[in-house]
*Asks:* 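For reference, the structure I am asking about is given below.
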Protein chains: 2
Amino acid sequence: MRPHAPKLSFMANQLDSIFSALSDPTRRAVVEALTKGPATVGDLHAAHDIALPTFMRHLGVLERSGLVQSEKKGRVRVVHIEAAPLAVIEDWLTRHKAMWEARLDRLEQLATQLEASGDPPPPEKGTDT
Amino acid sequence: MRPHAPKLSFMANQLDSIFSALSDPTRRAVVEALTKGPATVGDLHAAHDIALPTFMRHLGVLERSGLVQSEKKGRVRVVHIEAAPLAVIEDWLTRHKAMWEARLDRLEQLATQLEASGDPPPPEKGTDT
DNA sequence: GATTCACTTAGCACATCAGCTAAGTGTCTT
DNA sequence: AAGACACTTAGCTGATGTGCTAAGTGAATC
């Protein structure tokens, strides 16, 4: 395993479970529904044509990933969204978009310079990871 | 199935495969490596302690999701990132963050009003999906 | 032309996932 | 107290995914 700070490894595991949780359309629909506010399991399930125990398994995946939290109130379980895990993905995207765009900026600058001089651009060197 | 515009269904399927592709640490590491620039399969594989055919299968998943593209140049295959699928996730996050934050804003406004008046807040009503 | 390199293809074993039904449990209503 | 409601638990089946080894193929090098 590549050496990491412990925090980085924890975050990588979070990314595993968050991306995995969101890779299923049923679970993504649940997250989308919950952006409008908390809901009971029954309300959430009503929008899906699968058996209730199956649906509950999907909620379990969302809860283990941290995307939602639930609490039992009498005989109903109320579910609400947790913003922090979405921020983990957003952070990952932002960091990599910045790297990607920084590289595009350098390519654009190089292309602009070479257009002015009329020379063909040299090959872009690959970098080790 | 809930009625969608065809474009929306296509995007939902894209979200399935993109989130799924990124749920695996090996594949995410490949995407991260490629933000620094194109690389050959051999270079990418060198950073991973799995068999080459297994690694190639991961690249296949990334390519089918659209996150990367590759082309054969002589006997080496060069892989590069495609930004568009990351934008699909970013768009999804942005749309849902906006909804979530709009709802938080309303709650904050309500809390501020009620702090001024000294009354307890009424329960927040759940909404149908 | 032979050899090496860089994949590519085939197929196996095992684990996990997503669907289901049936039965059970605790809470609320009658 | 009985019945209904809202989950909860258990276990099954089929599909999918991730790891592997072995063998094959085409391009570059010797």
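First the proteins, then the strands, lettered A, B, ... as listed; each starts at 1.
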*Asks:* What's the closest nucleotide to the side chain of A/P53 if the choices are C/dT27, C/dT4, D/dT9?
*Replies:* D/dT9
*Asks:* Please tell me which of the listed nucleotides, C/dC7, C/dT29, C/dG19, lies nearest to the side chain of B/V76?
*Replies:* C/dC7
*Asks:* First locate atom CG of B/D16, then atom CZ of A/R27, and finally report the distance between them rounded to the nearest 0.5 Å.
*Replies:* 10.0 Å
*Asks:* Quick one: does B/T94's side chain have a donor or acceptor within less than 3.5 Å of a partner on B/E90's backbone?
*Replies:* yes
*Asks:* By the 4.0 Å heavy-atom rule, please label B/H45 as base, sugar-phosphate, or nothing.
*Replies:* nothing
*Asks:* Given atom CZ of B/R75 and atom P of C/dA6, what is their separation to the nearest angstrom?
*Replies:* 5 Å
*Asks:* Whole-Å distance between D/dT21 C1' and B/I50 CD1?
*Replies:* 14 Å
*Asks:* Both B/V41 and A/G74 contact DNA chain C. Taking the nearest nucleotide for each, which residue is further toward the 5' end?
*Replies:* B/V41
*Asks:* What's the closest nucleotide to the A/R57 side chain, out of C/dC20, D/dT18, C/dG26?
*Replies:* C/dC20
*Asks:* As a test of reading the structure: which of C/dT21, C/dT8, D/dC20 is closest to the side chain of A/A51, going by heavy atoms?
*Replies:* C/dT21
*Asks:* Counting only side-chain heavy atoms from C-beta out, which of D/dT8, C/dT29, D/dT29 sits nearest to A/R77?
*Replies:* D/dT8
*Asks:* What donor-acceptor contacts under 3.5 angstrom involve side-chain atoms of residues 69-77 of chain B, with partners at least two apart or in another chain?
*Replies:*
residue	atom	partner	partner atom	Å
B/S70	OG	B/E63	OE1	3.1
B/S70	OG	B/E63	OE2	3.1
B/S70	OG	B/R77	NH1	3.0

*Asks:* Would you call B/D91 and B/R95 a salt bridge, using N to O less than 4.0 angstrom?
*Replies:* yes
